[in-house]
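Heads up: the structure comes next, in structure tokens.
Counting starts at 1 for both ligands and their atoms, following the listed order. Below, all heavy atoms of this structure are taken into account, side chains as well, without hydrogens, waters or symmetry copies.
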Amino acid sequence: MSEALIIAGPCAAESREQLLQTATQLADAGVGVFRAGVWKPRTEPDAFEGVGEEALSWLAEAQQLTSIPAATEVATPEHVRLALKHGIRILWLGARTTTNPFLVQQIADSLTQEANTLTVLVKNPVSPDLKLWKGAIERIRKAGVKQIYAVHRGFQTGQPSPYRNAPVWSVPFALKLAVPDIPLILDPSHMSGDAALVPDLSRKAMTLGYDGLMIEAHCNPQAAKSDNKQQLTTDQLKQLISSLPCRKSSSSSKMENVTEKQTETYDTLSLLRQQLDETDDTLFLLLLQRMQISKQIGVFKRQHNLPVLQEKRYAELLAKRLAWAEQHELDEEIIRRILDAIHEESCRWQL
Ligand code: PEP
Ligand code: MN
């Protein structure tokens, strides 16, 4: 069993029966928070937009029945008011809401009176904008909320990705550095958009040191009115939870009671990190060396009236490295981006 916080439940509350059935099936699964959307922000106007206030009473019933606290998405101060009225004290801001500072501020203002006793989860904004995500967290914090979690559900980058929303891991890592006391949760369901990819992403998050997971699970995913491809069955979720690598959270707040065995683990980790730093030193020195050679090439080209950009040469170079990347199971797209960046800088040195 993992020590990570598991938030799970259906994408949306669809009916009293569906919600209570899912909740009772998950009651003994090790779920720390039961989730269900009551108002669904939908990209297309005719999609299922949630049941609204009526579903809050089902959610309250599920909470009572299982003794697992329930969470729902809020996108307006009115949603906050209604959720609190029904005793739902864990609220999340969806990706589309975090994107809009006006809305985030209005929601933050509506939390102030009860801030002390609420938990707020802030999903990343739609685009990979660290400041927007951090800004939303700060607005909620300034409202007096003490229990805040960041939820990483991936980004729309316009670049090809095996997932519905690209992870862009550097953004949550930078967030962790900027606000180290805010626990970081991965939402592999909205990130992947595909139930088959959820287990691997979940295990990856645990290995990377995430503090928990938010996973969509439904008593009958095929019949789900929203996100039906990405929801796990409750049995699949139970299986996944029991297969997660046991780990200690990386949150500084939870770091205090480190056992001897874990101290050993952290020592090994610091050694590996040292090796990583040394490898980076070499890597960047080699990069400098490469630029210095480019500079000499630049001088030569100028003397002989040759253009800096020679497309055929670059295409050959790229093809060679991509073939090499494939041989070594490196992601071709990443290698292409690295080479493009190196080539761009190289052209600058030649000029
Ligand atoms: C959700 O959690 O159901 C949801 C709509 O998520 P997101 O805001 O990440 O799209
Ligand atoms: Mn969903």
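- Closest protein heavy atom to atom 6 (O) of ligand 1: Lys123 NZ, 2.9 Å.
- The ligand atoms of ligand 1 that sit less than 4.0 angstrom from a heavy atom of Gly94 are 8 (O).
- Distances below 4.0 Å separate heavy atoms of Glu216 from the following atoms of ligand 1: 3 (O).
- Aromatic ring orientation, Tyr210 versus Trp169: perpendicular (interplanar angle above 60°, classes split at 30° and 60°).
- When only non-hydrogen protein atoms are considered, atom 4 (C) of ligand 1 lies nearest to His190 NE2, 3.4 Å.
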Go through the steps to decide whether Arg81 and Glu78 satisfy the test salt bridge (charged side-chain N to carboxylate O under 4.0 Å, His left out), and finish with yes or no.
CA-CA 5 Å; Arg81 190 184 70 75; Glu78 179 63 1; 2.9 Å; yes
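- In terms of polar-atom proximity, defined here as any N/O pair under 3.5 Å, Met214 makes no such contact with ligand 1.
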Could you check Glu138 against Lys134 for salt bridge (charged side-chain N to carboxylate O under 4.0 Å, His left out), going step by step and ending with a plain yes or no?
CA-CA 6 Å; Glu138 278 163 0; Lys134 181 167 166 273; 3.2 Å; yes
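- Between the side chains of Gln106 and Asp109, no donor-acceptor pair is found at a separation under 3.5 Å.
- Distances shorter than 4.0 angstrom occur between a heavy atom of Arg35 and an atom of ligand 1.
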Identify each donor-acceptor pair in which a side-chain atom of residues 36-44 lies under 3.5 Å from a protein atom, sequence neighbours left out, and give them as a table.
unit_1: Lys40; atom_1: NZ; unit_2: Cys11; atom_2: O; d: 3.1
unit_1: Arg42; atom_1: NH1; unit_2: Phe48; atom_2: O; d: 2.9

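- Of the protein's non-hydrogen atoms, Lys40 NZ, 2.7 Å is the one closest to atom 3 (O) of ligand 1.
- The protein heavy atom nearest to atom 5 (C) of ligand 1 is Glu73 OE1, 3.6 Å.
- Note on Asp331 versus Arg337: no salt bridge recorded, every NZ/NE/NH1/NH2 to OD/OE distance being 4.0 Å or above.
- Residue-and-atom listing of protein N/O/S atoms under 2.8 Å from the Mn ion (ligand 2), sorted by chain and number: Cys11 SG, His190 NE2, Glu216 OE2, Asp227 OD2.
- Relative ring orientation between His152 and Trp133 is described as tilted, the plane-to-plane angle lying within the 30° to 60° band.
- Look at Asp194 and Arg164 and you find no salt bridge, because none of the NZ, NE, NH1 or NH2 atoms lies under 4.0 Å from a carboxylate O.
- Under a 3.5 Å cut-off, the side chain of Gln350 and the backbone N or O of Ile297 do not form any donor-acceptor pair.
- For atom 8 (O) of ligand 1, the closest non-hydrogen atom on the protein side is Ala95 N, 2.8 Å.
- Between Lys85 and Glu53, at least one side-chain nitrogen of the basic residue sits less than 4.0 Å from a carboxylate oxygen of the acidic one, meeting the salt-bridge criterion.
- Scanning His152, Arg153, Met191 for the heavy atom closest to atom 9 (O) of ligand 1 points to Arg153.
- Under the 4.0 Å criterion applied to side-chain N and carboxylate O atoms, Glu316 and Arg313 are not assigned as salt-bridge partners.
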